[in-house]
Protein chains: 2
Amino acid sequence: MNDRLQNIISQDGSVRGAKSGTQDDVVYAHIFDAILEQRLAPGTKLSEEALGEIFGVSRTIIRRALSRLAHEQVVLLRPNRGAVVAEPSLEEARQISFARRIVERAITELAVDHATAEQIANLQRLVDEEQASFDKGDRGSGIRLSGEFHLQLALMANNAPLLNFQRSLVSQTSLIIARYESGNRSHCSYDEHNQLIEAIKKRDKEKAVELMMHHLDHIDHKLNLQDDGASGDLHAVFSHLIKERKEPRSRKKRAG
Amino acid sequence: MNDRLQNIISQDGSVRGAKSGTQDDVVYAHIFDAILEQRLAPGTKLSEEALGEIFGVSRTIIRRALSRLAHEQVVLLRPNRGAVVAEPSLEEARQISFARRIVERAITELAVDHATAEQIANLQRLVDEEQASFDKGDRGSGIRLSGEFHLQLALMANNAPLLNFQRSLVSQTSLIIARYESGNRSHCSYDEHNQLIEAIKKRDKEKAVELMMHHLDHIDHKLNLQDDGASGDLHAVFSHLIKERKEPRSRKKRAG
DNA sequence: TATTATTGAATTGTATACACTATTCTCAAG
DNA sequence: CTTGAGAATAGTGTATACAATTCAATAATA
């Protein structure tokens, strides 16, 4: 038995982060997606016990996932009072928007420099999916994919700290859209995304940056003060994946 | 091993930002300071049980603290293998340096716009302390205070996301200095810090940004990031000790 | 009726027991 | 002497019990 070989062989097949190995990654990803797709409205209480039941894990795991989300400012952790989906204020929204301009400019420039053909193809695929989602009327997926476009761009920039920061900013922007964008204005960012891809293909850095800045302007302009309260029912939001709690592993007493 | 951690961490010092309320904040702050003041070297193993004994809390608390540190990239959490103080590679160091330029430029501009007299006084006090520490020969405190200067600047920028990002970048920079700063070049950043304060007082944005960029250049130059291009090529890395193949490796005798 | 105390349920905070994994140690084979 | 397999050990991963705190409902008082 060669365990090393086994390890090497089994290293492939990792799909988009969350490997089935660690449970809190799965929980994290599900809650994260639910928030980004706006199935969980800002302000929704995230009860540890309820989430534990839904995902079939103990509060320990839920706690870790919530902690990660809190670090990305997607969730607010109030001591002794539990977690809620973050509700960015207008002032916070303004700060996030400003920070994004700083970061997106740098990312766009780096991406133009470093983008490979394969990465650009990935980018195009994301935008196509995004457009398909909006066409299908799946606004939630569309908004999530729109965010992933900006994350893919950050990935192409080849700078880990900027990528991490971008992840947090994009998530929070999604929250802001959920809170302040009037319901029916479809996001329609895919058109601007397509133009960006063209500029990147042509390695036209100046044009790409200009497009990105305008794109961010448009996002800001679409926001206003209406709020549409989405769901607050955790079980409903996650109904498609509620499962039975794992049978407690047989606890063999250590024979004396 | 346990005793070594005990000695390093329990050195009485300032534990700023430790809201005495929750225990894991205290633990977090102590470990954070120990790393920033370079009493914990990059690569040091951080055993949960040992830390629990040292701080008189359960592993639960230690785990949370380590998790927070890992989010800020100050600690590396290896699944099933425990936590170690992060060891930024040269490539990571370059990326961090780049990201800092982006962020510090924005922060400097914002700080010039928003700085109040009181905040500038705070800034000045930090630099005085920093200088005093270096004069006393307390390099650890000096480096920590140098970092706090940049954090205070970020605070003055009035932008929470940028402040958070800056916190992570400054911490990692401290780690990089610990790992890569060439020999005895004392940090001596306080001189440039003082010039920056002057420019901010005069609301001279252009000058302040220029000083900041030069300051970051100097930091980089004191490190050995310039060339070298450390590779994944083991033969290159260990070329100085490659021996004739036939030479039988002398096995060290077991002590005791 | 409005306001404040008090009590009890519900939820989070922490410690700890057990399960699982990785590392170290020992020893046998080449 | 080196290499590799298997057992012993140490350390992390997860679940759960219990303590501490918050929240809600009721009762008491003005």
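Labels below follow one simple rule: chain letters A, B, ... track the order of the sequence lines, proteins then strands, and each chain is numbered from 1. Below, all heavy atoms of this structure are taken into account, side chains as well, without hydrogens, waters or symmetry copies.
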Colleague: Has B/Arg59 got a side-chain N or O lying under 4.0 Å from the OP1 or OP2 atom of C/dA15?
Modeller: no
Colleague: Between C/dA10 atom C1' and A/Leu51 atom CG, what is the distance in whole Å?
Modeller: 16 Å
Colleague: Rounded to whole Å, how long is the line connecting atom CG of B/Leu66 with atom C1' of D/dG11?
Modeller: 13 Å
Colleague: Does the side chain of A/Ser174 come under 3.5 Å of the side chain of A/Arg144 through a donor N or O and an acceptor N or O?
Modeller: no
Colleague: Let me know the distance between CG of A/Leu46 and C1' of C/dA10, rounded to the nearest Å.
Modeller: 17 Å
Colleague: With salt bridge (charged side-chain N to carboxylate O under 4.0 Å, His left out) as the criterion, how do B/Asp25 and B/Arg68 come out once you've worked through the C-alpha distance, each side chain's angles and the decisive distance to 0.1 Å?
Modeller: CA-CA 10 Å; B/Asp25 277 339; B/Arg68 281 179 63 185; 2.5 Å; yes
Colleague: Under 3.5 Å, is there a donor-acceptor pair linking the side chains of A/Gln152 and A/Glu148?
Modeller: no
Colleague: Within this structure, what is the CG-to-P distance between B/Leu77 and D/dT12, rounded to whole angstrom?
Modeller: 10 Å
Colleague: Looking only at side-chain N and O atoms, does B/Gln172 offer a donor or acceptor that is under 3.5 Å from a partner on B/Ser168?
Modeller: yes
Colleague: Between A/Arg78 and A/Arg64, which residue's closest nucleotide on DNA chain D lies nearer the 5′ terminus?
Modeller: A/Arg64
Colleague: How many whole angstroms separate atom NZ of B/Lys45 from atom C1' of C/dA22?
Modeller: 10 Å
Colleague: Starting at atom CG of B/Leu76, determine the distance to atom C1' of D/dT12, rounded to an integer number of angstrom.
Modeller: 15 Å
Colleague: Does B/Arg81 place a side-chain N or O at less than 4.0 Å from the phosphate oxygens OP1/OP2 of C/dT23?
Modeller: yes
Colleague: Check whether any side-chain nitrogen or oxygen of A/Ser58 sits under 4.0 Å from OP1 or OP2 of D/dA15, and answer yes or no.
Modeller: yes
Colleague: Does the plane of the ring in A/His71 sit parallel, tilted or perpendicular to the ring in B/His71? Use 30° and 60° as the thresholds.
Modeller: parallel
Colleague: Nearest whole angstrom, please: distance from the P of D/dT9 to the CD of B/Glu49.
Modeller: 16 Å
Colleague: To the nearest angstrom, how far is B/Ile61 atom CD1 from C/dT14 atom P?
Modeller: 4 Å
Colleague: For B/Thr60 and for B/Glu48, locate the closest nucleotide of DNA chain D by heavy-atom distance; then report the residue assigned to the nucleotide nearer the 5' terminus.
Modeller: B/Glu48
Colleague: From C-beta outward on B/Asn80, which listed nucleotide comes closest to its side chain: C/dT21, C/dT11, C/dT16?
Modeller: C/dT21
